[in-house]
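Here's the structure, in structure tokens; my notes come after.
Since this is a predicted model, take the numbers as computed values, not measurements.
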Amino acid sequence: MFSACSQLAKVICWHHVAQRVHGAATVQRSHFIIVYRTLDRRHIIGPLYTGREILYSNGSVLLQNVTRDDTGLYNLHLVNWDLADNQVTAELPEPSVTSNNFNPVENNDAVALTYGPDTPTVSPSDSYYRPGTNLSLSCHATSNPPAQYFWTIHGKIYRQTQEICIPQIVAKDSGLYGCFAQNPARSKRSSVFKTITVPVETPKPSITSSNSKPRKADTVTLTCEPEILEASYLWRINGQSLLISSRLQLSSDNRILTLFGVTENDAGAYECEVKNPVSASRSDPVTLIVLPQLPKASISGNKFTAIEHEDDVTLTCELQIENSTYQWWVNGQSLPLSPRIRMSHDNRTFTLHSVTRNDTGSYICEIRTSVDTIRSDPVTLNVLYGPDVPSISPSDTLYRRGGNLHLSCFADSNPPANYHWMVNGTFLPSGNEIHVSQITTKNSGLYVCFARNSVTGKRHFSLKKIKVVDSCFDCFSKHVQSATVQSCFFKKIYKKDSDKYSSICF
């Protein structure tokens, strides 16, 4: 393509110039190829127009399917609106040609022109071949004298010939085939490469299903086996191609078909077909049966929050189906046998007598029929208990003056207990911990922790006698005497509007 750019030209004209005279192109009207007149945007073709030339409005010309005859000088002739005449010459070089005689005598000498080879072409154009067939390839390149040829397969020289034939090819014959053409009179060489593929014959596929009898609204996955490289997969239902739907999802290679929320319309015979460029195989049909959606089971109960050792809890599986069995699960395990559990004759209802904290958990009822298993959503039984007798840590009772005193109280309880401390008969702000820095002998005394469950109304307490001494010797002597520490107990005094404690020591 020769390019030019002119927005001011009145006439744009391209010529094929025969020769040069003193460095300037000789232009004759018989050399006109095509003219473009910008005024009316009209193209005028000349004597040398072949139909392979395209002249654009900016002055560029495109030569299509060039031949040796197109070799030569090309002249662009621009006539502007001010009638100024401008010319530009471009040259299309001729192919590389040599001769044995550049000064032949007419009717006397023979001239041998040497050219080529051009880029070879390989025939036939097929790239895929069926296993067991014969592979025949022929290579040709325009050349004078005729080119000499050799072939390579996988980068290794195979044979010096223009044609090759490999009988009864197999998959290992796949690869890159190269044809090289060389002019024996020149050092020039050209080549072309072609990829040959011998695919494996596709075996008969089969379909596996995650669920051949799904319930309505279930998800089903169909897989076409086996997985074959360089093969395409196609699905059919009842002999027809699958209809596009938002509920259908295919894997990237179409081998896996997923049906979301199946309906009765998805029932039918499914087939998968495996194809490669030389063969195709279809599976036997797999029939998908869509069953009606199962009813939902649920659990009812007289209560789902109970107090330990006080309440009885009864749970019932509300879906009643004839010729079925019922099973109960708690926290993922089968309901254990216990003398506190009373089952109905069909196991659909059971009663937990005098529930304990160990009965807390997630309960599920399961219904088994001859074809299905139905499970309810879980329900949670929450057993309230405690507080147990609180424990005070650490266990130390003797402390050295100037140290730090830190006591913590805990009692197992559901819901968690509320805590209060009393030191030598005086209540401290609520909380389960006490922390006193730089203790003195005045911090000696009786420390009591009270735990109360605000829901069950139950309460318990623990006490610890703390002794603060001046020295390590005192620590040792007091520790010996502590074997006869006086005991104390607390008596609850009930008043009309408040709960308070008083202490009596012996």
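Between the side chain of D359 and the backbone N or O of V383, no donor-acceptor pair lies under 3.5 Å. Not one N or O on the side chain of N238 forms a donor-acceptor pair closer than 3.5 Å with the backbone of Q240. Checked by atom type and distance alone, the side chain of S174 pairs as donor or acceptor with a backbone atom of V198 at under 3.5 Å. For K194 (side chain) and S125 (main-chain N/O), a donor-acceptor pair under 3.5 Å exists by modelled atom type. Panel note: side chain N302, backbone T314; a donor-acceptor pair is recorded below 3.5 Å. Here the side chain of N183 pairs no donor or acceptor atom with the backbone of A147 at under 3.5 angstrom. At distances below 3.5 Å, at least one donor-acceptor pair connects side-chain atoms of Y419 with backbone N or O atoms of A411. Judged purely by atom type and a 3.5 angstrom limit, S281 has no side-chain atom pairing as donor or acceptor with the backbone of P205. Here the side chain of T263 pairs a donor or acceptor atom with the backbone of N265 at under 3.5 angstrom. A donor-acceptor pair is defined here as one N or O able to donate and one able to accept, closer than 3.5 Å; such a pair exists between the side chain of R255 and the backbone of C224.
In this structure, the side chains of T161 and W151 come closer than 4.5 Å at one or more pairs of heavy atoms. With a 4.5 Å cut-off on side-chain heavy atoms, I164 and Y149 do not count as touching. The closest side-chain heavy-atom distance from I153 to I166 is below 4.5 Å. At a threshold of 4.5 Å between non-hydrogen side-chain atoms, the residues Y326 and C365 do not count as touching. A heavy-atom distance below 4.5 Å is found between the side chains of I374 and L319. Taking the side chain as every heavy atom from C-beta outward, N254 and S232 never approach each other to under 4.5 Å. With a 4.5 Å cut-off on side-chain heavy atoms, P145 and T114 count as touching. Counting heavy atoms from C-beta outward, T133 and V278 have side chains that stay 4.5 Å or more apart.
Atoms CD and CD, on Q148 and Q162 in that order, are 11.0 Å from each other to the nearest 0.5 Å. Here the CD1 atom belonging to I256 is positioned 8.0 Å from the OG1 atom belonging to T221, to the nearest 0.5 angstrom. Atom CG of residue L381 and atom CD1 of residue I299 lie 10.5 Å apart, to the nearest 0.5 angstrom.
Around CZ of R342, the count of heavy atoms belonging to other residues, nucleotides or ligands within 6.0 Å does not exceed 12. By the neighbour-count criterion of 12 heavy atoms within 6.0 Å, atom CD1 of I157 is sparsely surrounded, having that number or fewer from other residues, nucleotides or ligands.
Salt-bridge annotation for E273 and K275: absent, with no side-chain N of the basic residue lying under 4.0 Å from a carboxylate O of the acidic one.
In this structure, a donor-acceptor pair under 3.5 Å is present between the side chains of S300 and E318. There is a side-chain donor-acceptor pair under 3.5 Å between T202 and S279.
Here the options are T349, L315, I364, the test is side chain to side chain contact (heavy atoms under 4.5 Å, CB included), and the partner is W328; only L315 passes.
Aromatic ring pairs are classed by plane angle as parallel below 30°, tilted from 30° to 60° and perpendicular above 60°; the pair F180 and F193 is perpendicular.
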